[in-house]
Amino acid sequence: MASLTDSVGVLKGVGQKRLVGLNKLGINTINDLLTYYPRRYDDLSIKDLATAADGQKVTVKGIIIAEPTVTFFGRKRSRLVFRIKIADNIYTVSFFNQPWLKKEVSANDEVIVFGTYNQARNTVQGMKILTAQTANSFDSIYPANKEVKQATIKQLIKLAFDAYQPLLVDIVPASLRRRYRLESFHDTIKNIHFPESPKAAQRAFRTAKFMEFFLFAMKVQILKGAHRKTDPAAQIDYDPKVLDKFNAQLPFKLTSAQTKVVREILADLKRPIQMNRLLQGDVGSGKTVVAAIAILAAISAHKQAAIMAPTEILAEQHANSFASMFAGLNVNIVLLTGATSAAARRSMLPRIADGEVNLIVGTHALFQDDVHYANLGLAVIDEQHRFGVNQRQALRQKGTSTNMLAMTATPIPRTLAITMYGDMDVSVIDQLPTGRKPIKTTWIQSAKTDSAIGFVKKQLRQGNQVYVVTPLIEESEAVDMKNAVAIFERFRAIFEPDYKVGLLHGRMSNQEKDDAMVAFKNNQFQVMVATTVIEVGVDVANANTMLIFDADHFGLAQLHQLRGRVGRGSTQSYCILIADPKNEIGKQRMKAVASSTNGFFLSQKDLELRGQGDITGAKQSGMPDFKVADPVGDLNILTVANEEAQNITAEKDWKTKPENVQLAKYLQMNQTINYH
């Protein structure tokens with residue numbers, strides 16, 4: 001029986017060699033071929049050159065007025081030239097490296113040519129010769145390769161569509177198609193590949209985008225449902241009195257945003273379902289105290305909690321913070337990192353295994369094979385974007401029904417929250433604690449660097465410390481950017497012996513990095529020259545100024561994250577961006593950071609200005625693969641499709657509803673989500 005999952009090898013003209021070429025393009029099945037969409041369309045309707053713009057692609061029809069000639073240059077290069085008369089004007093037409101076309105054209109023939117118009121020279125550089133049948137249409141242009149040419153792809157799509165069109169049944173429920181004026185799947189495929197007008201193609205693409213997002217969102221909701229299976233062992237019956245006592249001894253009052261998030265987390269812990277929650281909070285918004293309440297809730301129910309940080313120094317900072325926060329409460333803390341001595345580790349592991357230790361703070365060391373937990377009820381992952389899915393899962397699997405709380409200070413725009421973290425519940429702390437002064441940010445060009453250095457001197461005289469950030473470690477011939485080593489030498493010459501200058505970069509060992517950071521924290525260095533390794537780092541309350549060289553080479557989210565290293569104390573803090581952006585987008589990005597301290601606004605802006613491929617200065621891994629839909633440009637469609645998927649899966653018996661039968665069948669066969 002024919003099926004859309006049939007191999008493209010069943011089509012006439014597809015032998016083994018061609019099949020390999022199609023597979024390289026990602027075309028394995030008939031469905032892959034029919035959803036292999038054009039990257040653009042050429043309008044082949046005949047144009048009047050009097051109204052055509054210079055450089056425009058045009059289709060022209062005229063009479064050849066003299067015999068065409070072919071000139072060869074070397075072995076493989078050639079140029080075919082002939083002149084045509086259109087109305088009362090003469091134009092020269094040339095084709096490069098297509099000498100065989102000479103057999104198709106002769107003097108006095110009427111010819112239809114598609115090519116690029118050069119107004120100044122009165123010429124058309126030909127791309128193809130059309131027939132009367134192919135002119136006045138819209139030609140679909142597909143990504144091709146050496147093995148499979150454009151014409152072959154078109155021919156195979158036509159073959160597949162003719163043979164398989166009865167199988168193009170609708171997967172999107174009829175009620176959604178009516179609500180959003182979507183086309184049927186059959187018409188979508190037909191109008192994308194063989195459109196009668198640009199409008200017809202546009203309508204079809206709109207449906208294809210919705211369909212892609214909707215099916216992705218349905219898969220995510222099913223995944224989320226799988227995480228939410230009833231599991232009585234995951235339930236944490238915490239003691240509210242212990243939490244009240246903790247809140248009463250805090251030297252500050254929680255913000256309303258923190259209170260709301262705490263309620264969401266505690267409600268999750270009370271349920272007989274494993275928590276899978278992402279806690280987003282801008283830099284300095286107070287995520288640590290929220291994590292402390294979740295940890296204490298687990299411990300009050302006689303469970304263990306573990307918190308994993310990406311660096312040893314950050315893990316140590318957490319251990320110290322929690323030790324002072326939990327003073328007087330029944331919390332027994334250990335710190336387990338790669339730096340833990342063998343003797344300390346030997347005495348620690350049995351105490352973790354028998355449950356005597358109920359809070360384990362550490363790095364990747366937390367999920368090593370020889371680390372066994374008595375009853376791990378809660379795993380907290382700090383700066384979760386620094387850990388892979390497998391690492392997060394490895395810690396979670398150290399318990400049998402472990403609740404997961406992932407935290408990030410990298411604001412995640414809605415696009416990524418839906419596509420990358422759609423299977424998690426998201427809590428957001430969108431408010432800074434009272435008393436925190438917003439960081440004053442300025443953008444200057446490199447010609448004014450001396451005035452910035454003058455400002456740094458003033459801050460140092462007042463007893464403050466300063467970060468200086470650069471994108472490169474050492475001089476690069478290929479890239480003209482400031483580098484950490486050169487800046488370090490320059491600043492030592494300027495500031496020493498009055499003030500000490502330190503250096504911190506990614507090529508240093510973990511021990512060297514930690515030593516440098518501890519020295520800065522203890523004010524042994526007053527100026528710290530660093531690369532982005534300080535993006536996630538310890539709190540240095542005395543550091544109130546940051547200078548960022550070549551700021552236009554960083555992502556907006558990353559600049560915001562870096563800027564968050566200052567502003568940790570009560571002093572007014574400053575961030576100076578030094579950049580000479582080469583284009584308008586670069587200028588817009590600098591203005592955006594200087595004008596806003598809202599990380600969520602900046603991360604969304606970064607996506608809009610730079611595209612989804614790069615939001616933090618490195619390619620964003622883990623984005624789903626979409627063929628036509630763009631999570632950034634089509635955010636509205638993504639949001640609507642996601643909401644509709646949530647509405648459908650919220651109904652218990654959604655799979656048995658008549659309008660959802662095809663959808664349920666499709667999802668049963670296609671459950672995986674493809675990430676690159």
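The figures here come from the full heavy-atom set of this structure, side chains too, leaving out hydrogens, waters and symmetry mates. Heads up: numbering here begins at 1 and tracks the sequence.
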What are the two closest heavy atoms between T531 and A484, and how far apart are they?
CG2-CB, 4.1 Å

All pairs passing ring-ring contact (aromatic ring centres under 6.0 Å, His included) where residues 277-314 contributes a residue, at least two apart
none

Intermediate values then yes/no, side chain to side chain contact (heavy atoms under 4.5 Å, CB included), V593 and F554:
CA-CA 11 Å; V593 185; F554 298 104; over 6 Å; no

Considering all heavy atoms, the nearest T402-A379 contact
CG2-N, 3.7 Å

Hey, is the main chain of F520 close enough, under 3.5 Å, to the side chain of Q465 for a donor-acceptor pair?
yes

Without swapping roles, check the side chain of S347 against the backbone of A344 for a donor-acceptor pair under 3.5 Å.
yes

Partners passing side chain to side chain contact (heavy atoms under 4.5 Å, CB included) against A294 (at least two apart in sequence or in another chain)
I265, L378, L405

Applying side chain to side chain contact (heavy atoms under 4.5 Å, CB included) to A319 and not counting sequence neighbours gives L335, V361

Any side-chain heavy-atom pair from K270 and D237 closer than 4.5 angstrom?
yes

Between G362 and T337, which heavy-atom pair has the shortest distance, and what is it?
CA-CG2, 4.3 Å

Would you indicate whether the side-chain heavy atoms of M528 and L504 approach each other to under 4.5 Å?
yes

For K253, all residues meeting salt bridge (charged side-chain N to carboxylate O under 4.0 Å, His left out), sequence neighbours excluded
none

Evaluate the side-chain proximity of K513 to T311: yes if any heavy-atom separation is below 4.5 Å, no if none is.
no

Quick one: are F491 and L547 in side-chain contact, heavy atoms under 4.5 Å?
yes

Taking all non-hydrogen atoms of both residues, which atom of I293 and which atom of L254 are closest, and how far apart?
CD1-CD1, 3.9 Å

Among residues at least two apart in sequence or on other chains, which ones pass salt bridge (charged side-chain N to carboxylate O under 4.0 Å, His left out) with K260?
E264

When you measure from the side chain of S427 to the backbone N and O of V261, does any donor-acceptor pair fall under 3.5 Å?
no

For atom NZ of K655, decide whether the heavy atoms of other residues, nucleotides or ligands shown that lie under 6.0 angstrom number more than 12.
no

Could you tell me whether the side chain of Q304 and the main chain of I352 form a donor-acceptor pair under 3.5 Å?
yes

I need the minimum non-hydrogen distance between G281 and K287, along with the two atoms involved.
O-NZ, 3.2 Å

I'd like to know if the side chain of Q249 reaches the main chain of M325, judged simply by a donor and an acceptor atom lying under 3.5 Å from each other, with no hydrogens or angles considered.
yes

Report the C-alpha distance between Y666 and M218 in whole Å, list the side-chain angles of each, state the deciding distance to 0.1 Å, and finish with yes or no for side chain to side chain contact (heavy atoms under 4.5 Å, CB included).
CA-CA 11 Å; Y666 170 84; M218 285 298 297; over 6 Å; no

Sequence neighbours excluded, the answer for side chain to side chain contact (heavy atoms under 4.5 Å, CB included) partners of S401 is D231, A233, A234, Q274

Looking only at atom types and distance, does a side-chain atom of Q280 sit under 3.5 Å from a main-chain N or O of T408, one as donor and one as acceptor?
no

Sorted by chain and residue number, the ring-ring contact (aromatic ring centres under 6.0 Å, His included) partners of F326 (sequence neighbours excluded) come out as F246, F322

The reported gap from OH in Y467 to CG in L562 (rounded to nearest 0.5 angstrom) is 10.5 Å

Nearest 0.5 angstrom please: M308 CE to L366 CG, how far?
6.5 Å

Which residues satisfy the salt bridge (charged side-chain N to carboxylate O under 4.0 Å, His left out) test with E316, sequence neighbours excluded?
none

Using atom types as modelled and distance alone, determine if a side-chain donor or acceptor of Q526 lies under 3.5 Å from a backbone N or O of Y499.
no

Which residues pass the salt bridge (charged side-chain N to carboxylate O under 4.0 Å, His left out) test with D370, sequence neighbours left out?
R345

Quick one: ring-ring contact (aromatic ring centres under 6.0 Å, His included) partners of Y373, sequence neighbours excluded?
none

Any donor-acceptor pair under 3.5 Å from Q572 side chain to P438 backbone:
yes

N542 vs N523 side-chain heavy atoms within contact, under 4.5 Å
yes

Check whether any side-chain heavy atom of V468 sits under 4.5 Å from a side-chain heavy atom of V501, and report yes or no.
no

Straight-line distance of L559 CG to C575 SG, nearest 0.5 Å:
7.5 Å

Kindly check if the number of other-residue, nucleotide or ligand heavy atoms within 6.0 Å of CG (N330) is above 12?
no

How far does CG of L667 sit from OG1 of T649, to the nearest 0.5 angstrom?
10.0 Å

Side chain to side chain donor-acceptor pair (under 3.5 Å): pairs with one or both residues in residues 351-360, sequence neighbours excluded
R351-E356

Heavy-atom closest pair (H318 atom, A309 atom, distance to 0.1 Å) is CD2-CB, 4.1 Å

Spell out, as yes or no, whether a donor-acceptor pair under 3.5 Å connects the side chain of Q258 to the backbone of I429.
no

Reported NE2-to-OG1 distance for the pair H553 and T470, which is rounded to 0.5 angstrom:
11.0 Å

Looking at D244 and K241, is any side-chain nitrogen of the basic one under 4.0 Å from a carboxylate oxygen of the acidic one?
no

Check whether any side-chain heavy atom of Q221 lies under 4.5 Å from a side-chain heavy atom of N642, and answer yes or no.
yes

Examine distances only and state if a side-chain atom of N660 and a backbone atom of W654 form a donor-acceptor pair shorter than 3.5 Å.
yes

Could you check if a side-chain atom of V371 sits within less than 4.5 angstrom of a side-chain atom of L349, using non-hydrogen atoms only?
yes

Please report the interatomic distance CD1(I648) to CG(L663), rounded to the nearest 0.5 Å.
6.0 Å

Please test N403 against D268 for side chain to side chain contact (heavy atoms under 4.5 Å, CB included), starting from the C-alpha separation and ending with a verdict.
CA-CA 9 Å; N403 292 283; D268 273 2; over 6 Å; no

Quick one: list whatever passes ring-ring contact (aromatic ring centres under 6.0 Å, His included) with Y574, sequence neighbours left out.
F455

Show your reasoning for whether side chain to side chain contact (heavy atoms under 4.5 Å, CB included) applies to L577 and T441.
CA-CA 7 Å; L577 309 170; T441 305; 4.0 Å; yes

